[in-house]
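Chain A is the first sequence line, chain B the second, and so forth, proteins listed ahead of strands; every chain is numbered from 1. Quick caveat, the model's predicted, so the values are computed rather than measured.
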There are 2 protein chains.
Amino acid sequence: MGKMKRYCYGFCLLISIAINILLSINLYVGENNQQTTHRSLLTWSEKAAAEAEEVAAISCSGHGRAYVDGLVFDGQPVCECYDCYGGRDCSELSPGCAADAESGDPVFLEPFWMQHAADSAVVISGWHRMSYRYPDYTTMSEELENYIRKLHSLVGNAITEGRYLVFGIGSSQLLNAAVYALSSENSSSPSNVLASIPFYPMYKEQTMFFNSESFQFEGDTNSWQSNNWTNNMDVIEFVTSPNNPDGELKKSVLGGKTIYDHAYFWPHFTPITGPSDHDLMIFTLSKLTGHAGTRFGWAIIKDKDVYEKVANYISVADLGISKDTQLRVLKLLKVSVEGDGKPLFEFSYNKMRDRWDRLTAVFSKSTRFSIQQRHPLHCNFFNETRLPSPAYAWVKCEREEEDDCGAVLEAGKIIGRSGSIFSAKDRYTRLSLIKSQDDFELLLQRLTELVALENGSIETM
Amino acid sequence: MGKMKRYCYGFCLLISIAINILLSINLYVGENNQQTTHRSLLTWSEKAAAEAEEVAAISCSGHGRAYVDGLVFDGQPVCECYDCYGGRDCSELSPGCAADAESGDPVFLEPFWMQHAADSAVVISGWHRMSYRYPDYTTMSEELENYIRKLHSLVGNAITEGRYLVFGIGSSQLLNAAVYALSSENSSSPSNVLASIPFYPMYKEQTMFFNSESFQFEGDTNSWQSNNWTNNMDVIEFVTSPNNPDGELKKSVLGGKTIYDHAYFWPHFTPITGPSDHDLMIFTLSKLTGHAGTRFGWAIIKDKDVYEKVANYISVADLGISKDTQLRVLKLLKVSVEGDGKPLFEFSYNKMRDRWDRLTAVFSKSTRFSIQQRHPLHCNFFNETRLPSPAYAWVKCEREEEDDCGAVLEAGKIIGRSGSIFSAKDRYTRLSLIKSQDDFELLLQRLTELVALENGSIETM
């Protein structure tokens, strides 16, 4: 018994020590793991972070998304399904659904931001920048301005050295701010605002809506030039390059005061042949990073007087751009300039090239429909010669009787934006190529079906 | 020896088991603690959260603040010091510094948001709402709209049932949107825009700046009434209630079309005697939660046609309000409605009452300077009769020769906003009471010094 007892004591002690060692290792490793997963002990930001991750983890079958500010059902945010998908988890495809290629929603870049989740997330504290102004008494973040200049310098698409910058609520607000800044102060003869057909409808809409005594919309540059033009007339010309809807690189027609709308002047849409250096250039986050929902744009301006007028417009209209928006844009641009911009622009260019390759393959089988010609150019950013891959296909219905191309496409379950919206003929329709992958796949499917009908000569109208 | 050995085994085993127990408790409690501090294992949001907390922890001596989007020195964001403070940690008070009571920066609420840090923080993912639109095809968050209606219902300051809501870039943008919406469509006789002196200068500035053929600024309602007024004239009247600068509750003078600017119609500034129920009312986040840097306001509109025109203005001007701004505002309003609004409005009211108590004590000793009279009213929200505590003191210089009150105050190292900016006489000056505690303390000190000079009859000019 004594010996047994002694063995037992010895054995139990060994086991007990072994357990001690295991527990100690567990504690040590556990603490170490903790340090890897949680670099720092979070306090006040933890709740918001957990909430954001919880919502982001809700599965919507890849055909929808749940958001922290989404509608709530049973205390939980619900999936918001993409077009043509439905059901609680967005898994149900609606069979006869039309392909909606109408809007310029740049959701094609969403996967890039999901891949860069950690670097692009931003935490905004409840007390973040409550004042109207930054410490330098402006309403513009100096850090953000620095990153915008850095990005242009990396991409090589605009000269910013010695130029003024003004932020706006998207490029939208800056378009009208620029018209005000360039318009004649002598209101007895208002400035004439023009653009070249086909053009982005906002130019006309804004200019007419604000109904100012200082300017008036006069329509197309080319017909104006042949009819009314004299050298001393006061004109403000919108030059959209690459152009919306057709992707063409454009130059001023009238040679007067110009507003260069460079929304699409990024390597994913066009080869960058050199930096733009015009008097007044406008860019937007929407078509750069894909964040259309974040209303943010900027103007690059040479002349101090024009700069002050544009800045004054922004101030009078709404006292500047939200500080939370500026903080988020800063985060997004920090990611955009990583690796000298290569990760972002390679992702975006490859996506657009792939879409164009597949699109041209479909249209090459058609004589009923055509799309715009594309010509290779040398891209300084990628340092090679490439075809442009515009944001939109500018489709023409070639059959003489089919002069309402939008209606022809709609009969084939494809929704585009009709030519007349761009002051062109309805024989043309714009199809958006920058929406989600689901949207693009459905568009391609419907186009393929439509082109397949041609030889069978089944009329779709 | 055998017995000794046995004792040793037994003793060691006991100790070992005790250690086991302790280690196990440690592990268990440790895990529990972990669960308290880290409710969930964070992945992609961790980096941004850690960054935000690190910057928030930078000490700026309570006289400044560091921000994640602030300027960076040696890889670290630096303190941005409040007025009159300097040095690396903002600990150095500049001795002869003037008290700046010029702007309406509502930083007095900053401490409330620091106290509610966990609930008011928001994490925005890189892919948050990239589209132009919400799933209901609008540019307005339905959840946010619900919370705005809920807040008005809690506070009892506006009827929202059966009314339309439109969001704007601050109330600033909505002021002009409202003028457009209410103005005559017959541009041969533009609508006449008026306000009652003293009035917020933005009304005049915007109306003149946009230089529309549809409306023109005609100045003061009272002089207009006695000179030009006939019943069939087309007028749009701004009614600011409580009024900026003097805090008065105002009513329409002309009885035509009105825009009620209710920026200050919250329990911290005025007793809420009942819900406002006018055709077009404008509110702003800035003077409700103190977030002036977040450009966000809303209009409550009765008539569908007017609503559609205001909504169209926002759309044409800049395609709506940033989704990130809307997400942040939603978070702030969720905190605002907690405890039926009591925590927020008790904090804000107590702060304002305290400032008014101390301010009136100073002015009561003066015959040279006076401030506006305040009259008690029953506040439905707090369910008691209270004095208003306006955002601004409207100071009058009583000595006949001191007709430039701003200059008199400036000589006493106090910066206000002169009466003429509000189309009133320069015998009046507006002093802001809603800035930071530092600013208010310095203002009170300078006022006390100035009033102390009166009996010594030392001229300060």
So, the side chain of [X] versus the backbone of [Y]: is there a donor-acceptor pair under 3.5 Å, distance only?
{"X": "B:Tyr67", "Y": "A:His128", "answer": "no"}
{"X": "B:His291", "Y": "A:Gly126", "answer": "yes"}
{"X": "A:Asp105", "Y": "B:Tyr132", "answer": "yes"}
{"X": "B:Glu142", "Y": "A:Leu71", "answer": "no"}
{"X": "B:Arg328", "Y": "A:Ser125", "answer": "yes"}
{"X": "A:Glu53", "Y": "B:Ser45", "answer": "yes"}

So for [X], is it side chain, backbone, both, or neither that comes closer than 4.5 Å to the heavy atoms of chain A?
{"X": "B:Thr289", "answer": "backbone"}
{"X": "B:Ser183", "answer": "neither"}
{"X": "B:Tyr313", "answer": "both"}
{"X": "B:Phe209", "answer": "both"}
{"X": "B:Met114", "answer": "both"}

Is it the case that [X] and [Y] place a side-chain donor and acceptor less than 3.5 Å from each other?
{"X": "B:Asp318", "Y": "A:Ser172", "value": "no"}
{"X": "B:Ser322", "Y": "A:Ser322", "value": "no"}
{"X": "A:Asp69", "Y": "B:Ser141", "value": "no"}

So [Y] and [X], do their side chains get closer than 4.5 Å, heavy atoms only?
{"X": "B:Asp324", "Y": "A:Leu327", "value": "no"}
{"X": "B:Asn211", "Y": "A:Phe210", "value": "no"}
{"X": "A:Val123", "Y": "B:Glu51", "value": "no"}

Can you tell me which of [options] forms the most heavy-atom pairs within a distance under 4.5 Å of chain A?
{"options": "B:Ala292, B:Pro135, B:Gly70", "result": "B:Ala292"}
{"options": "B:Arg129, B:Glu80, B:Lys323, B:Gln173", "result": "B:Arg129"}
{"options": "B:Leu319, B:Val55, B:Leu332", "result": "B:Leu319"}
{"options": "B:Val122, B:Leu109, B:Val107", "result": "B:Val122"}
{"options": "B:Ala52, B:Ser120, B:Ser131", "result": "B:Ser131"}
{"options": "B:His116, B:Lys331, B:Lys435", "result": "B:Lys331"}

Which atom names give the shortest non-hydrogen contact between [X] and [Y], and what distance separates them?
{"X": "B:Glu205", "Y": "A:Val316", "result": "OE2-CG2, 3.5 Å"}
{"X": "B:Gly290", "Y": "A:Met130", "result": "O-CE, 3.3 Å"}
{"X": "B:Val72", "Y": "A:Glu143", "result": "CG2-OE1, 4.2 Å"}
{"X": "B:Ala56", "Y": "A:Trp127", "result": "CB-CZ2, 3.7 Å"}
{"X": "B:Gly320", "Y": "A:Ile169", "result": "O-CG2, 4.1 Å"}
{"X": "A:Trp44", "Y": "B:Ala117", "result": "CB-CB, 3.5 Å"}

* Structure fact -> Checked A:Arg133, A:Arg65, A:Glu110 vs chain B; the most non-hydrogen pairs under 4.5 Å come from A:Glu110
* Structure fact -> The interface call for A:Thr284 against chain B, heavy-atom contacts under 4.5 Å, is neither
* Quick one: what part of A:Asp83 sits under 4.5 Å from any heavy atom of chain B, side chain, backbone, both or neither? -> side chain
* To do: Measure the spacing between CZ of A:Arg295 and OG1 of B:Thr139 and express it to the nearest 0.5 Å.
  => 9.0 Å
* Asked: Does NZ in A:Lys204 sit with more than 12 non-hydrogen atoms of other residues, nucleotides or ligands closer than 6.0 Å?
  -> no
